[in-house]
Amino acid sequence: CSPTPMKLRDAPSACPSLWRCLPCPLAELRLDLVLSSGQSFRWWESSPGAWTGVLGDRVWTLRQDGDRLWYTVYGEEDEHKKEEERDGCPARAAKLDVAETDRILRDYFQLDVGLSALYRAWAAADPLFRKVANDFPGVRVLRQDPVECLFSFICTSNNHISRITAMIERLCQAFGRRLCCLDSRPFHAFPPLSALTGADAEARLRALGFGYRAKFVSGSARAIAEGLGTEGLCQLRTAPYAEARRVLCALPGVGAKVADCVCLLSLDKAEAVPVDTHVWHIARQRYGVALGGKSLTPRAYQEIGDFFRGLWGPRAGWAQAV
DNA sequence: CTTCGACCTGGATAT
DNA sequence: CGGACCAGGTCGAAA
């Protein structure tokens, strides 16, 4: 890796100046529950209570204690050199930087959304939620990058988490820019759309063990590049839920469930309720949703989503994450 | 409109 | 009614 290898940082105590914190009670955010629940596949518990991963083309380690969220950001490999060359005012640069990293983190965890009040409302409307809520406080929906979210969830179809995580790791290694090394372990950015549109992308993805999803990933990358573009995809954040869903479902490898995941986890559609086989079971067994068919047809899918939206309200997707 | 089978791969389980 | 190749599905074809 680098000639001067960086080390993972697990706690602020060792070197407090490299860490910052945001006020954030445990009822508002439980890092362990949110980062390991399959919303994002890019976080790793680097030591007990410390989560390391890539966010916004930077490598971070996060940790929380009491009512604070602590974070540290690792520099890129040649950042030292760049700073010397620039010969600017370091204090000023650092100050701008912390304002930005604070903002990135607050945005990613959507900390302006008050979770406690939402939990109270969902608990009041739903006795079954009430039982679960006590064991799972602080579960909130991440606001992820739409490109990363889309291509990650294309990989989830008929698949399991351990393999999905490994696939995405290999995707980033093969197609993404290397950011830095921590304890000799390389970290890569999620590739931009343009990196996935090459003629050989599908073959390379197959070689990385993507199976039939290789065609979906390269096909969707191509379709977006030739259509609405990365900007257009991101602009779906301001579009109505129905339109965003319709656009996404036109992409290869994107059906109702993946589209809803992308809507909820990256496009600000809090009412989107991704219905997987697990949710379908729960809806029938625990909530007694009566449905004609024995399989998850498009109509049944819609009805289950409508049921939970009726029960939990406009942030039904957030409640379902719990 | 619903139902079916195929689809890459590897984990978990049972021969 | 219990157990089963299935796992956080999607696609295309067929009745």
Side-chain angles (χ1 to χ4, degrees), chain A residues 33-43 132 136 139-142 144 148-175 196 200-224 244-267 269 272-287 289-308 316-322:
Chain A
L33 297 178
V34 171
L35 297 181
S36 68
S37 63
Q39 285 192 49
S40 167
F41 304 96
R42 299 223 65 201
W43 294 96
V132 175
F136 299 95
V139 176
R140 57 174 52 243
V141 168
L142 299 173
Q144 301 183 244
E148 171 169 344
C149 191
L150 170 63
F151 290 100
S152 295
F153 278 87
I154 286 176
C155 299
T156 64
S157 77
N158 195 28
N159 206 349
H160 32 56
I161 299 228
S162 62
R163 186 176 165 216
I164 297 165
T165 306
M167 283 166 59
I168 290 170
E169 178 66 26
R170 290 195 294 269
L171 172 76
C172 293
Q173 273 180 35
F175 294 89
L196 302 173
D200 58 343
E202 182 183 342
R204 291 176 64 194
L205 289 164
R206 274 210 177 250
L208 294 176
F210 275 58
Y212 61 84
R213 301 170 198 82
K215 189 192 292 282
F216 291 158
V217 169
S218 61
S220 281
R222 200 66 75 74
I224 293 172
R245 198 175 192 280
R246 185 177 49 72
V247 171
L248 292 172
C249 284
L251 297 168
V254 181
K257 194 268 180 176
V258 169
D260 274 336
C261 286
V262 177
C263 278
L264 175 66
L265 303 176
S266 75
L267 296 179
K269 307 300 179 263
V273 178
V275 180
D276 55 34
T277 52
H278 181 60
V279 171
W280 178 53
H281 257 297
I282 301 278
R284 294 204 315 179
Q285 292 179 9
R286 308 279 310 187
Y287 287 90
V289 179
L291 294 164
K294 214 173 149 63
S295 62
L296 188 50
T297 63
R299 200 171 82 79
Y301 187 104
Q302 178 69 35
E303 281 183 19
I304 292 171
D306 288 343
F307 170 78
F308 284 120
W318 282 58
Q320 197 245 77
V322 180

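Protein chains get the first letters and strands the later ones, always in sequence-line order, with residue 1 at the start of each. Only a predicted model underlies this, so the values are computations on that prediction, with no experimental measurement involved.
B:dA6 and C:dA7: their C1' atoms are spaced 16 Å apart (whole Å). Look at the P atom in both C:dG3 and B:dC7: the space between them is 30 Å, to the nearest Å. Using atom C1' as the reference point in both C:dC5 and B:dG5, the two lie 15 Å apart (nearest Å). Distance noted for atom P between C:dC6 and B:dC4: 15 Å (whole Å). One P atom belongs to C:dC1, the other to B:dG10, and the distance between them is 39 Å to the nearest Å. Atom C1' of C:dG12 sits at a distance of 15 Å from the matching atom of B:dC1, rounded to the whole Å.
Rounded to an integer number of Å, the gap from A:Tyr212 OH to B:dG5 C1' is 13 Å. Rounded to an integer number of Å, the gap from CG of A:Leu208 to C1' of B:dC8 is 13 Å. Distance CZ (A:Arg163) to P (B:dT9): 7 Å, rounded to an integer number of Å. Between the C1' atom of C:dG9 and the NZ atom of A:Lys215 lies a distance of 17 Å, rounded to the nearest Å. One atom, CG of A:Asp276, and another, C1' of C:dC6, lie 15 Å apart when rounded to the nearest Å. Here the P atom of nucleotide B:dC7 and the CE atom of A:Met167 are 17 Å apart, to the nearest Å. For the pair A:Asn158 CG and B:dG10 C1', the interatomic distance rounds to 12 Å; values are reported in whole Å. Taking atom CH2 of residue A:Trp280 and atom P of nucleotide C:dG9, one finds them 11 Å apart after rounding to whole Å.
For CZ of A:Arg299, the number of neighbouring non-hydrogen atoms (other residues, nucleotides, ligands) closer than 6.0 Å is 12 at most.
Across every strand in view, B:dC8 sits unpaired, with no contact that passes the Watson-Crick or G-U test at under 3.5 angstrom. When both distances must be under 3.5 Å, the Watson-Crick or G-U wobble mate of C:dG8 does not exist.
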message: What verdict does the side chain to side chain contact (heavy atoms under 4.5 Å, CB included) test give for A:Leu265 and A:Val141, after you've listed the backbone C-alpha separation in whole Å, the side-chain angles of each residue and the deciding distance to 0.1 Å?
response: CA-CA 6 Å; A:Leu265 303 176; A:Val141 168; 3.7 Å; yes
- request: Applying side chain to side chain contact (heavy atoms under 4.5 Å, CB included), run through A:Leu251 and A:Val258 and close with a yes or a no.
  value: CA-CA 10 Å; A:Leu251 297 168; A:Val258 169; over 6 Å; no
- prompt: A:Ile224 and A:Leu150: side chain to side chain contact (heavy atoms under 4.5 Å, CB included), yes or no, with the steps?
  reply: CA-CA 11 Å; A:Ile224 293 172; A:Leu150 170 63; 3.4 Å; yes
- prompt: Which is it for A:Tyr301 and A:Lys257 under the side chain to side chain contact (heavy atoms under 4.5 Å, CB included) test, yes or no, and what are the steps along the way?
  reply: CA-CA 9 Å; A:Tyr301 187 104; A:Lys257 194 268 180 176; 4.1 Å; yes
Stepwise ring pair (Phe, Tyr, Trp, His ring centres under 6.0 Å) check, A:Phe210 with A:Phe216: CA-CA 10 Å; A:Phe210 275 58; A:Phe216 291 158; over 10 Å; no
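Backbone-only engagement by A:Ala256 is indicated by non-hydrogen atom pairs under 4.0 Å involving sugar-phosphate atoms exclusively. In this structure, A:Ile161 reaches the bases: a heavy-atom distance under 4.0 Å links it to at least one base atom across the strands shown. Heavy atoms of A:Val279 sit nowhere under 4.0 angstrom from any nucleic acid atom. Base engagement by A:Ser37 is indicated by at least one non-hydrogen atom pair under 4.0 Å involving a base atom. Contacts of A:Gly38 with the nucleic acid, taken as non-hydrogen atoms under 4.0 Å apart, include base atoms. Nucleic acid contact for A:Leu251: sugar-phosphate only, since backbone atoms but no base atoms lie under 4.0 Å from a heavy atom of the residue. At the heavy-atom level, A:Pro274 lies nowhere under 4.0 Å from the strands shown.
Note on A:Arg206: a side-chain N or O is less than 4.0 Å away from OP1 or OP2 of B:dC8. For A:Ser162, no side-chain nitrogen or oxygen approaches OP1 or OP2 of B:dG11 to under 4.0 Å. At the phosphate of C:dG9, OP1 or OP2 sits under 4.0 Å from a side-chain N or O atom of A:Thr277. At the phosphate of B:dC7, neither OP1 nor OP2 sits under 4.0 Å from any side-chain N or O atom of A:Arg213.
Checked against C:dC11, B:dG10, B:dT2, the side chain of A:Phe216 finds its nearest nucleotide in C:dC11. Here the nucleotide nearest the side chain of A:Thr297, chosen from B:dT3, C:dT10, C:dA7, is B:dT3. Checking B:dC8, B:dT3, C:dT10 against every side-chain atom of A:Ser295, the shortest atom distance belongs to B:dT3.
Atoms CG and CZ, from A:Leu171 and A:Arg213 in turn, are 13.0 Å apart once rounded to the nearest 0.5 Å.
Taking only distance into account, the side chain of A:His160 never meets the base of C:dG8 through a donor-acceptor pair shorter than 3.5 Å.
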